[in-house]
Structure formats: structure tokens, C-alpha cells
Amino acid sequence: MAATFRQLPGFALQLALTLLGLLAVTFFIGRVVPIDPVLAVVGDQAPRDVYEAVRRELGLDQPLWVQFGIYVRNVLAGEFGMSLVTGRPVVEDIARVFPATLELATFATIIGVALGVPMGIAGAVWQDRWPDQIVRVVGLVGYSVPIFWLGIVGLLVFYGILGWVQGPGRLGVFFEDIVPTVTGVILVDAAIAGEWEVFWNAFGHVVLPSAVLGYFSVAYIARMTRSFMLEQLSQEYVVAARAKGMSEARVVWVHALRNIAVQLVTVIALSYARLLEGAVLTETVFAWPGLGRYLTTALLAADMNAVLGATIVVGAVFVGVNLLSDLLYRLLDPRAR
Amino acid sequence: MSWRAALLSDTPRSRQEAKLGALYRGWLRFRRNRLAVLGLLIVVALVVVAAFAPWIATHDPYAQNLAQRLLPPGSAGHWLGTDEFGRDIFSRLVYGARITLYIVVLVALIAAPIGLLVGTAAGYLGGWVDAALMRLTDVFLAFPSLILALAFVAALGPGIENAVIAIALTSWPPYARIARAETLTIRNSDYIAAARLQGAGTGRILVRHVMPLCVSSLTVRVTLDMAGIILTAAGLGFLGLGAQPPMAEWGAMVSSGRRYILDQWWVATIPGLAIFVVSLAFNLLGDGLRDVLDPRQKT
């Protein structure tokens, strides 16, 4: 434990370096790639004085490294600039839309863990038999299917034909603005307010998009669980436990599972972060007002500040989760120290 | 001696023969994996369809006919139906194969050499070059690739060429990692030392003696990534940032058919199925290649 804490400064340095690199990339995209970065920020309809003001604000009369310094300082202060589309600071916009994405990703991860872990274990226990084949097919389809298409087909079948779920969006028109915003996650807010009709409507809306998104996490988690489990089941302690006459269920669910628990936590954390990426397309299909949809709307309007702001946030979350799971791994698993 | 015996003989008479023999043995092993062969067949079919698109397509993929819009599959003359402008979906799919192949090949041709160069240079030179290049790789790996590609496209402007550049810029880091790992295992081997003692420069050693050994594991990885590249490209097309209308790009076709999904399901569903089948084929092919070329990575 103490050794891990001694490594903390190293981790912090690594995190800072990676984040700086992240900013360097977004800086490069925002300032160097476009022919006129000012136009990219204000749009081609802007009046002359706005153009000049933004030009000075970006420090475009300064050398590139000074510009980068200004850029880093702004981002660290939480200033991503104004959004062209909404006319509000990008930071406020992101804070407003992020809970919706978080809600989606959380549900998807819950589905991914609830189905993926048992499936992976079944695949490992019955290796090369039918449960294993199912895991293989689910994985293969998960890596091959376009997520936006899966979403559209899901809407067609479960909303259009069967009518089991609600349509696109986060809440039906009649249910909007009933519950006060506390956390930004409608399900939680509705539960707090005790508005169960709103709760169930919101639930009907979130089920399909999170199932579509969750499918990818099921594919990934099942695949990883299977290979972790296979590794454990070939260990000698498993043979010893079986020789002792312990039931197979106990061997698998208690002894082996405990040994892969830490690795699993890392995989789950990574899949959670990867869902942010899938969310971009899923949110577009389901008109889900989250970060992904914010990003694509900004893209189509060539709203560079919003695009880069959202990119930085996603990148930072990604880096953070990666590092956190790494740290967790070292902290929880004595073998990794 | 039959050609087969010659290929499988343990005493090849020339280097050429030895190479051909190894290739043939690889093929024999590959052939045993039926799913991989299926993947290969689909990929070959994709290439054939793309090459002979004008002869295979039954209609002009851009010809609009508003009198025959949104016909269901199985209609006379349009066996996969028509879209909202009355364009034949089958013909558009056929021409879309060209775009898909164009994107995939171009991305692979740009990204793999970049990764190879960065990875081998980092692994062979070591020291601060290694540290700097690997940090750069880490930064690119820190972004989810679709998000980074989106940001690049936002800066470059929508379009198929820019989509290719954006995807290539985001997909080289894994190749660099692999090339570096391979380089590290061979940089201290005797034959490299021998080449160096003969006076070969760093560039020559990298290009002639290090890179060829990285190619097989890189090929596997590129093939496995093809599916991901297709999905990213289709995603960009779906968002309206890849190929622009009226180009018959599969992702864009799904996107435009989306509005009719509840009443005319085929407009959006069929092109999506094409994306799925092709990326599935690349995944199967990649798995098969991995088992043949790189048994160490077998899972």
C-alpha cells in the first residue's frame, strides 16, 4: 500500500503530461489545421469588430507557443469560449448536457456487467461448447455492427412494431418540466420528487438506447471475462479445490471469481469510458440530449469552441478513467505491486 | 514430383521455393478455419463488386425517378427497392462498395506506414526519441478514435478525403505500439549487429532489416482494424461528415433512410446490413490471419 502511495507523484506527473499532450492536440486541431482559426470560432457571418476582438483574444498576433500558453491557461480556468450555436459559454453547455450522457452510459454499463460477466464465465466454464459459441457470436457481432444502425433497427422493432418502449428523446412531451432539476438525471430527480409517472416514462425512454449501447459493453466484458476466467481455471489452486471435493459452482464463483475481480473492475471502468464514444452515435439516433449530440450539433454548425470543448472533456474523462483503473489495480491487487 | 509435393518438401531448391512453400503451408492452415475462409470470400466479393460496379449495377446509382420512390424490395426491376428519390438501392449499394474500399485501403496505406516508421524508430533508437514518440502515441491513444476523428473533420471540413485523413491520423498509434514491441525483440539480435558492423546506416537497418519483420504482425492488426475503420467511416457518413450526398456511401444512406424507418424500413436497414456484413467479414478474416501468422496472440 505504502509503495503505491509513493508512486502517486509519478502518476500525477504522467497525468499532467498526458493532459498537456491532449491540449496540444486540440490546440493543433483548433489553431493550426483551419486556414483561418478566427473564422472557425466566430463563423463567416461575424461583423468586423467581433472578428478583431476574437483575433486579439486568441492571441493570434503572438508566436505559436505564446498562443498555446494562453490556450492552456484558459482551459485550466475552465474557459472553452462561447458556443456559436447556443450563444452561451461552452462550459455551461457541457455541464448541462453531461448528466444525460452519464445516465445513458451508467445504464449501459449496468447491462454490460449484469449480462457480460455471467456470459464470460459460462463461456470459460463450458469452453468450446454452446455457451462459449454464444459468447463468441455476441462478441463478433458487437465488433462488427454499426451502432447507429442497431439503434435504428431497435427503434423500428421495439418502438415501431412492438410498442414496448418510448420513442426518441429523454421524456415524453407531456412529462416535461414537471420535476425540478436536482441532479440532472431525470430518473433520480423524478424519484426524489415522487413523480412515478414521470419516472416510468423516462425509464421507457432510456431502456432502448442504453440497451443498444450496453450491447457493446456486453460483448467486450464477456470476451474479457472469458479469457481471465480461462486463465484462472487452468491454475493449480483450482485443481486443488476440485480435488478437495469442493462443488464446481463454489470453485468458479468464489475462488476463481475473486481472483479475477480486480482485473474485471479495470475492464468495466474502461468500457464505461469507451461508451462515451458510442454515445455520440447513439444519442444522434435517439435524439438524446447529451454530450454526444451536443458535439455533433456543434460539428454540423462548424462551432469549433464547442467541438473542442467537448473533445477535451471526453479525452480528459478517458485519460482519468484509464489512470484511475490503473491505480485501483495496483492498490487492490498485491500481484501488481 | 507434383507441384504440391514440391511446395511441401522439406528441402526446397531455392529461396523462392522456400518462400512459396511457407506461403502454401500458411494457406493450408488458414483453409481449415471455415469462418475465416468465408470472411475472405466476402472480402473478395466486395473487391469484385467494387471493380465491376458499372456491369453489376442494374441502374444508374444517381438517377432519380420520383414516380418510383420508396418501392419495397422485390418490386419489378428494383429487387432491393428504391429510396426516397426513386434511386435503385441495389445499384447504390454496389457503387457504395467502391467508396468503402477506397476509404479502407487509403486509411491503411496512410496509417500503417506512419505507425511502422514511428514504432521502429522509437524501438531501435531508444532513449529520448523513444520516450518522446511513445508519449505522442499515448496522447493519441488517450482519445476515443471517433471523437478525435470528429474533431479533425470539424477543422478540415466534411468530405470523403478529409474523413480518410482524420481516420488515418487517429488509427496509427496501435501500429506504432506493435512495431515498437517487435523492434525491441530484434534490435539486439546478431544479424542486426552484423549489418551494423558491415557499415549499414540506421536508415538502412530500419528499412531493410527491422521493418520487414514487423510486417506480418502489422498485417494482422490492420486486417482486424479494417472493421473498425469501416465502422468509423460509416459513422462519419451517418453524421453527415464523411462522403457528401449524392454519393452512395453506406453510412450516409442509412442516415437519409432514417426518416422513413417506421414505414419504409428497407431504405435504412439494407445499407446498414451491408456495413455489418463487410465488417464482420474483415473481423473473421483478421481472426483467421492472426491464427496463421501470429500464433502467440491467439486467445
Side-chain angles (χ1 to χ4, degrees), chain A residues 14 17-22 24-26 28-34 37 40 140-141 143-150 152-153 155-157 159-161 223 226-227 230 273-274 276-278 280-281 284-285 292 295-296 298-300 302-304 307-308 310-312 314-316 318-319 322, chain B residues 35 135-148 150-158 165-166 169 224 227-228 230-232 234-241 250-251 254-255 257-258 261-263 265 268-269 271-284 286-287 299:
Chain A
Q14 200 188 336
L17 268 180
T18 315
L19 286 179
L20 199 67
L22 213 100
V25 173
T26 49
F28 176 79
I29 294 173
R31 295 290 168 76
V32 186
V33 176
L140 209 52
V141 171
Y143 287 104
S144 310
V145 75
I147 190 168
F148 52 90
W149 181 74
L150 199 63
I152 291 174
V153 173
L155 268 181
L156 170 66
V157 174
Y159 170 66
I161 298 175
R223 230 182 210 202
R226 176 183 173 273
S227 73
L230 275 180
R274 273 170 43 160
L276 287 179
E277 184 179 15
V280 173
L281 291 164
T284 308
V285 172
L295 178 63
T296 49
L299 270 168
L300 293 175
D303 183 354
M304 251 354 238
V307 170
L308 292 180
T311 310
I312 291 173
V314 173
F318 216 63
V319 172
N322 261 311
Chain B
L35 284 175
R135 275 291 89 76
L136 185 71
T137 313
D138 283 346
V139 166
F140 273 86
L141 279 175
F143 287 103
S145 59
L146 180 66
I147 306 273
L148 191 57
L150 284 176
F152 269 115
V153 172
L156 292 164
I165 294 172
L169 280 176
L224 279 171
I230 291 173
L231 292 182
T232 309
L236 287 176
F238 177 76
L239 293 174
L241 298 164
W250 294 345
V254 174
S255 170
R258 210 177 116 198
I261 186 68
L262 292 182
D263 299 313
W265 55 269
T269 313
L273 212 55
I275 303 171
F276 173 54
V277 169
V278 170
S279 61
L280 186 67
F282 274 110
N283 270 329
L284 292 173
D287 279 339
T299 44

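This one's a predicted model, so the numbers in the text were calculated from it and none came from an experiment. Numbers restart at 1 for each chain; the letters A, B, ... are given by sequence-line order, proteins then strands.
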J.: Heavy atoms only: give me the nearest A:Thr284-B:Arg258 pair and the separation to one decimal.
T.: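 What the structure gives for the nearest pair is O-NH2, 3.2 Å.
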J.: Which one wins on heavy-atom pair count under 4.5 Å against chain A: B:Leu136, B:Val254, B:Ile230, B:Leu156?
T.: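 So the answer, after comparing B:Leu136, B:Val254, B:Ile230, B:Leu156, is B:Val254.
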J.: So which of B:Leu262, B:Leu241, B:Thr269 has the biggest tally of heavy-atom pairs under 4.5 Å with chain A?
T.: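 Of the options given, most contacts go to B:Thr269.
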J.: Please determine, among A:Thr296, A:Thr18, A:Ile152, A:Leu17, the option with the most heavy-atom pairs under 4.5 Å with chain B.
T.: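 Result: the option with the highest number of such pairs is A:Ile152.
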J.: Rounded to the nearest 0.5 Å, how far apart are CZ of A:Phe318 and CG of B:Leu141?
T.: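 Between A:Phe318 CZ and B:Leu141 CG, I get 9.0 Å after rounding to 0.5 Å.
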J.: Is chain B contacted by the side chain of A:Leu295, its backbone, both, or neither, given a heavy-atom distance below 4.5 Å?
T.: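 Only the side chain of A:Leu295 comes within 4.5 Å of chain B.
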J.: In terms of heavy-atom pairs under 4.5 Å, which option from A:Gly278, A:Gly160, A:Gly21, A:Pro146 contacts chain B the most?
T.: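 Greatest number of close heavy-atom pairs with chain B: A:Pro146.
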J.: Measure the shortest side-chain to side-chain distance between B:Ile261 and A:Leu155 over non-hydrogen atoms and say whether it is less than 4.5 angstrom.
T.: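 They are not in contact (no side-chain heavy atoms under 4.5 Å apart), so the answer is no.
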J.: Taking C-beta and beyond as the side chain, do B:Asp287 and B:Leu35 meet within less than 4.5 Å on heavy atoms?
T.: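 Not touching, per the 4.5 Å side-chain cut-off.
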J.: With a 4.5 angstrom heavy-atom cut-off, could you sort out which part of A:Val145 is near chain B: side chain, backbone, both or neither?
T.: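 Interface part for A:Val145: both.
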J.: Non-hydrogen atoms of chain B under 4.5 Å away: do they reach the side chain of A:Leu300, the backbone, both or neither?
T.: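 Side chain of A:Leu300 only, per the 4.5 Å heavy-atom cut-off to chain B.
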J.: Please answer whether the main-chain N or O of B:Gly251 pairs with a side-chain N or O of B:Ser255 as donor and acceptor at a distance below 3.5 Å.
T.: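 Between the backbone of B:Gly251 and the side chain of B:Ser255 there is no qualifying donor-acceptor contact (under 3.5 Å).
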J.: With chain B, which of A:Leu308, A:Val141, A:Ile161, A:Asn322 has the greatest number of heavy-atom pairs at distances under 4.5 Å?
T.: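 Highest number of heavy-atom pairs under 4.5 Å: A:Val141.
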J.: Name the member of A:Val285, A:Leu150, A:Val153 that forms the most heavy-atom pairs with chain B at distances under 4.5 Å.
T.: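 Max contact count across the listed options: A:Val285.
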J.: Pick one of side chain, backbone, both or neither for B:Phe140, based on which atoms fall under 4.5 Å of a heavy atom in chain A.
T.: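 Contact with chain A: side chain only.
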J.: If we only count heavy atoms from C-beta on, is the B:Phe238 to B:Ile275 side-chain gap below 4.5 Å?
T.: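 No, too far: nothing below the 4.5 Å cut-off.
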J.: Quick check: do A:Met304 and A:Thr26 have side-chain heavy atoms less than 4.5 Å from each other?
T.: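 No - every pair of side-chain heavy atoms lies 4.5 Å or more apart.
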